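Okay, structure first, notes after.
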Amino acid sequence: MSPAHVHEPTYRQLKRAIIKGRWSLGTRLEAVRLADDFGVSMTPVRDSLNRLVGEGLVDLTPGEGFRVAALSEQRLREIMNVNRALLEYALASDWMPADDTRSDPTQESFAERVGTAFARLAEGSKNGFLVASVVHISERLNLVRELEPEIIPSARPLLLAMERSLQSGGSDLRQIVQDYHEATLRHVPQLIVAATL
């Protein structure tokens, strides 16, 4: 195991690069090249890649090595359905809107704004495990979500409606969440193609 002062920054840098879509889904991640890019030895890179395998952001195939975790249409549908179920569960609890501490959400990317909105919605449930699960899903789907405005005509209006609803107390939030997931599920094939290019 590499020392924490080297491992943690390497892990965070690699995770952020994957979440931000530096490589498309299924791209091979070569530890030697990453070590050179990050200016560290192979040990913290391998440790980080293994940790990211555990988080579902990287796949490891014996004999082939590490790859950015791929998504099939079925897998994306499964993740989206779990996300919707978690958010509906959050709304079914004694939900109270969480405070928005962001200074200017328009400075975030589309995917970050969706992830933040879903995290705020989950926080209203006061269930820490649910919040962590929703955040993890947002990290896993960041690349796909970044493509949504190009592919789904209603993506931006639904995000704006969700953000407004979270600000005003969320009376129509359940419907907006359903509409968002239904729109995304209708466009799964196009999203998968775009994410693997």
Side-chain angles (χ1 to χ4, degrees), residues 8-9 11-22 48 51-58 68-69 71 75-149 151-152 154-188 191 195:
E8 278 305 310
Y11 161 76
R12 285 193 304 272
Q13 187 177 5
L14 183 55
K15 181 175 181 174
R16 183 154 179 78
I18 290 169
I19 289 171
K20 289 293 206 177
R22 179 173 171 185
S48 298
R51 187 170 168 188
L52 292 166
V53 168
E55 294 178 17
L57 293 172
V58 172
V68 175
L71 274 176
R75 184 72 170 160
L76 180 54
R77 287 179 198 284
E78 291 168 353
I79 294 170
M80 292 298 300
N81 285 325
V82 168
N83 193 63
R84 177 174 29 191
L86 289 171
L87 296 173
E88 288 176 357
Y89 179 81
L91 289 167
S93 64
D94 292 331
W95 188 82
M96 293 292 294
D99 292 332
D100 187 1
T101 57
R102 297 174 299 166
S103 56
D104 184 4
T106 60
Q107 296 302 309
E108 296 178 340
S109 71
F110 179 85
E112 289 169 334
R113 286 175 65 184
V114 171
T116 299
F118 286 159
R120 284 188 59 217
L121 191 160
E123 287 165 4
S125 72
K126 311 296 186 268
N127 180 326
F129 188 79
L130 190 149
V131 174
S133 298
V134 168
V135 168
H136 177 72
I137 288 171
S138 290
E139 290 174 347
R140 179 70 171 93
L141 296 184
N142 193 78
L143 175 61
V144 172
R145 284 189 180 149
E146 208 52 57
L147 300 167
E148 289 174 358
I151 295 169
I152 304 170
S154 61
R156 286 193 194 282
L158 284 168
L159 172 60
L160 292 172
M162 194 178 335
E163 289 173 333
R164 279 194 301 272
S165 185
L166 283 163
Q167 285 293 104
S168 67
S171 61
D172 56 350
L173 204 45
R174 179 172 277 115
Q175 187 61 54
I176 296 166
V177 168
Q178 288 176 350
D179 292 347
Y180 167 85
H181 285 87
E182 287 171 12
T184 304
L185 287 166
R186 279 194 305 273
H187 292 87
V188 162
L191 289 166

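Nothing here was measured: the structure is a model prediction, and the numbers come from that model. Atoms considered below: every heavy atom in the structure, side chains included; atoms not considered: hydrogens, waters and symmetry mates.
The shortest distance between side-chain heavy atoms of Lys126 and Ser93 does not fall below 4.5 Å. In this structure the side chain of Thr184 never reaches within 4.5 angstrom of the side chain of Leu76, judged on heavy atoms.
Separating the CD atom in Glu139 from the CZ atom in Arg16 is a distance of 10.5 Å, to the nearest 0.5 Å. Put simply, CG on Leu159 and CD on Glu148 are 9.5 Å apart, with the number rounded to the nearest 0.5 Å. A distance of 10.0 Å separates CD1 of Ile19 from CG of Leu14, quoted to the nearest 0.5 Å. For the atom pair CG of Leu52 and CD1 of Ile18, the computed distance is 5.0 Å after rounding to the nearest 0.5 Å. Considering CG of Leu71 and CE of Met80, their distance stands at 11.0 Å, rounded to 0.5 Å. Distance check, rounded to the nearest 0.5 Å: CZ of Arg186 to CD1 of Ile151 gives 14.0 Å.
Enclosure of atom CZ in Arg22 by more than 12 non-hydrogen atoms of other residues, nucleotides or ligands within 6.0 angstrom is indicated.
The backbone N or O of Glu55 lies less than 3.5 Å from a partner atom in the side chain of His136, making a donor-acceptor pair. Side-chain atoms of Arg145 do not come within 3.5 Å of backbone N or O of Phe110 as any donor-acceptor pair. Counting only distance, with no hydrogens or angles, the side chain of Asn83 and the backbone of Ile79 share no donor-acceptor pair below 3.5 Å. In this structure, Arg140 contributes its side chain and Gly56 its backbone to a donor-acceptor pair below 3.5 Å.
Between Phe118 and Tyr180, the two ring planes are perpendicular [angle over 60°; tilted spans 30° to 60°].
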**Report entry** Chi angles and distances behind the side-chain contact (heavy atoms from CB on, under 4.5 Å) call for Leu185, Asn81
**Finding:** CA-CA 9 Å; Leu185 287 166; Asn81 285 325; 3.5 Å; yes

Requested in this report: Using the salt bridge (charged side-chain N to carboxylate O under 4.0 Å, His left out) rule, take Arg51 and Glu8 through it: C-alpha gap first, then chi angles, then the decisive distance, then the call.
Outcome: CA-CA 11 Å; Arg51 187 170 168 188; Glu8 278 305 310; 2.6 Å; yes

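Residues Gly115 and Ser138 share a closest heavy-atom pair of CA-OG, 3.5 Å. Across every non-hydrogen atom of Leu143 and Ala195, the tightest pair is CD2-O, 3.9 Å. The two atoms that bring Leu86 and Leu130 nearest to each other are O-CD1, 3.7 Å, heavy atoms only. Across every non-hydrogen atom of Ala161 and Ile176, the tightest pair is O-CD1, 3.5 Å. Nearest heavy atoms, Ala111 versus Asn142: CB-OD1, 3.2 Å. When all heavy atoms are compared, the tightest approach of Ala117 to Leu166 is O-CD1, 3.5 Å.
Using a 4.0 Å cut-off between charged nitrogen and carboxylate oxygen, Arg120 and Glu123 do not count as a salt-bridge pair. Remark: Lys20 engages Glu112 in a salt bridge, criterion side-chain N to carboxylate O under 4.0 Å.
Counting only N and O atoms by type, the side chains of Gln175 and Asp179 include a donor and acceptor under 3.5 Å apart.
Of the residues listed (Leu121, Leu160, Asp172), the one engaging Ser165 in a side chain to side chain contact (heavy atoms under 4.5 Å, CB included) is Asp172, and it is the only one.
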